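Take this structure first; my questions come after.
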Amino acid sequence: MVNPGPHDKHALIFEVVREVPYGKVATYGQIALLAGLPGHARLAGYAMFNLPEDLADSVPWHRVINSQGRVSYSESRRGNDHRQRELLEQEGVEFDSRGRIDLARFGWKPE
DNA sequence: AACCTGACGACGC
DNA sequence: GGCGTCGCCAGGT
């Protein structure tokens, strides 16, 4: 269990993100589904936005991207989107010329 | 309570 | 495949 707190659904989401393996990526919708919250992709995104600082090491937040295979951009992220891409490239995840990841190659496919 | 705003996504054109 | 629309839901005002 991770940081129960007032947001149990967030905790459920973080638990699933923890399972995304090195060098692979998962979509927000996929994370929500595996957390038992089908259709709550937005909640997954909201949870990631509010990821507690102290969980950044144990939860591979950078491996979560949107269904288009892109790192989600938002003004409010203030550069964290660029950091996310760096971390993924460090793991061998490739981006095409338009900043997209081939989900067929790098998408996480849990057993 | 009403309304607005997103690290989203399926669908239609 | 790009783009707009429409559901979606939690939080904040």
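Please read all numbers here as calculations on a predicted model, not as lab measurements. Throughout, protein chains are lettered first and strands after them, A, B, ... in sequence-line order, and every chain is numbered starting at 1.
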- Task: Determine yes or no for a side-chain-to-main-chain donor-acceptor pair under 3.5 angstrom, with Q30(A) supplying the side chain and W108(A) the backbone.
- Result: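 Yes.
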
- Between K24(A) and E91(A), is there a side-chain N and carboxylate O pair less than 4.0 Å apart?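 No, this pair does not count.
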
- Task: Return the value, rounded to whole Å, for the distance between atom CG of D102(A) and atom P of dG1(C).
- Result: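 In whole Å, dG1(C) P lies 10 Å from D102(A) CG.
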
- Query: Can you tell me how far P of dA10(B) sits from CD of Q30(A), to the nearest Å?
  - Reply: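 Going from CD in Q30(A) over to P in dA10(B) covers 11 Å.
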
- Item | Spacing between N50(A) atom CG and dC9(C) atom P, to the nearest angstrom |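 Distance check: N50(A) CG to dC9(C) P gives 19 Å.
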
- Message: I'd like to know if Y46(A) reaches the base of dA10(C) with its side chain such that a donor and an acceptor end up less than 3.5 angstrom apart.
- Response: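 Between dA10(C) and Y46(A), which were checked side chain against base, a qualifying N/O pair under 3.5 Å is absent.
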
- Message: Expected output check: what is the dot-bracket annotation of DNA chain C, where ( ) and [ ] are pairs inside the strand (brackets for crossing ones), | is paired with another strand, and pairs are Watson-Crick or G-U under 3.5 Å?
- Response: .||||||.|||||

- Query: So, the side chain of H40(A) versus the backbone of P38(A): is there a donor-acceptor pair under 3.5 Å, distance only?
  - Reply: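 Side chain of H40(A) to backbone of P38(A): a pair is present.
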
- In whole angstrom, what separates L88(A)'s CG from dA7(B)'s P?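 After rounding, the reported distance stands at 18 Å.
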
- Message: Donor-acceptor pair, distance only, cut-off 3.5 Å: does the side chain of R100(A) make one with the backbone of V71(A)?
- Response: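 Such a contact is absent between R100(A) side chain and V71(A) backbone.
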
- In terms of side-chain heavy atoms of L43(A), which of dC8(B), dG1(C), dA10(C) is nearest?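 Out of dC8(B), dG1(C), dA10(C), the nucleotide with an atom closest to L43(A)'s side chain is dA10(C).
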
- Item | Nearest-neighbour nucleotide for the F49(A) side chain, dA7(B), dG1(C), dG11(C) considered |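 Ranking dA7(B), dG1(C), dG11(C) by closest atom to the F49(A) side chain puts dA7(B) first.
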
- Task: Indicate, with a heavy-atom threshold strictly under 4.0 Å, whether R98(A) touches base, sugar-phosphate, or nothing.
- Result: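 Sugar-phosphate contact only.
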
- Specify the separation, in whole Å, of atom OH of Y28(A) and atom P of dC8(C).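 Taking OH of Y28(A) and P of dC8(C), I get 22 Å after rounding.
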
- For DNA chain C, whose closest nucleotide is more 5', that of Q68(A) or that of R42(A)?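 That would be Q68(A).
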
- Would you indicate, yes or no, if dG9(B) has its OP1 or OP2 atom less than 4.0 angstrom from a side-chain nitrogen or oxygen of S67(A)?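 It does, given that an N or O in the side chain of S67(A) lies less than 4.0 Å from OP1 or OP2 of dG9(B).
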
- Side chain of N66(A) (C-beta onward), nearest among dA10(C), dA7(B), dC8(B):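 The nucleotide sitting nearest to the side chain is dC8(B).
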
- With a distance cut-off below 6.0 Å to the six-membered ring centre and an angular limit of 45° from the axis, does R42(A) pair with Y28(A) as a cation-pi contact?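 Output no; distance or angle outside limits.
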
- Value in whole Å for how far the C1' atom of dA7(B) lies from CZ of R83(A):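 The distance from CZ of R83(A) to C1' of dA7(B) comes to 15 Å, rounded to the nearest Å.
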
- Task: Provide, to the nearest angstrom, the distance between the CE atom belonging to M48(A) and the P atom belonging to dG6(B).
- Result: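 Taking CE of M48(A) and P of dG6(B), I get 19 Å after rounding.
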
- Query: Contact class for G29(A) (heavy atom, under 4.0 Å): base, sugar-phosphate, or nothing?
  - Reply: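 Sugar-phosphate, no base atom in range.
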
- Message: Name the residue from L37(A), I13(A), L12(A) that meets the side chain to side chain contact (heavy atoms under 4.5 Å, CB included) definition with I31(A).
- Response: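 The option that passes is I13(A).
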
- Query: When you check the phosphate oxygens OP1 and OP2 of dC8(B), does a side-chain N or O of S72(A) lie under 4.0 Å from one of them?
  - Reply: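 Checking S72(A) against dC8(B): at least one side-chain N or O falls below 4.0 Å of OP1 or OP2.
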
- Query: Just by modelled atom types, is the S72(A) backbone N or O under 3.5 Å from a matching donor or acceptor in the R77(A) side chain?
  - Reply: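 At least one qualifying donor-acceptor pair exists.
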
- Between R100(A) and H40(A), who's closer to the 5' end of DNA chain C by nearest nucleotide?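 Of the two residues, R100(A) wins.
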
- Sort out for me which residue in E86(A), R78(A), Q84(A) forms a side chain to side chain contact (heavy atoms under 4.5 Å, CB included) with H82(A).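 Exactly one pass, corresponding to E86(A).
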
- Within this structure, what is the CG-to-P distance between L51(A) and dG6(B), rounded to whole angstrom?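 One finds 20 Å between P of dG6(B) and CG of L51(A), rounded.
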
- Please check the phosphate of dG6(B) (OP1 and OP2 only) for any side-chain N or O of S76(A) closer than 4.0 Å.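 No, because none of the side-chain N or O atoms of S76(A) sits under 4.0 Å from OP1 or OP2 of dG6(B).
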
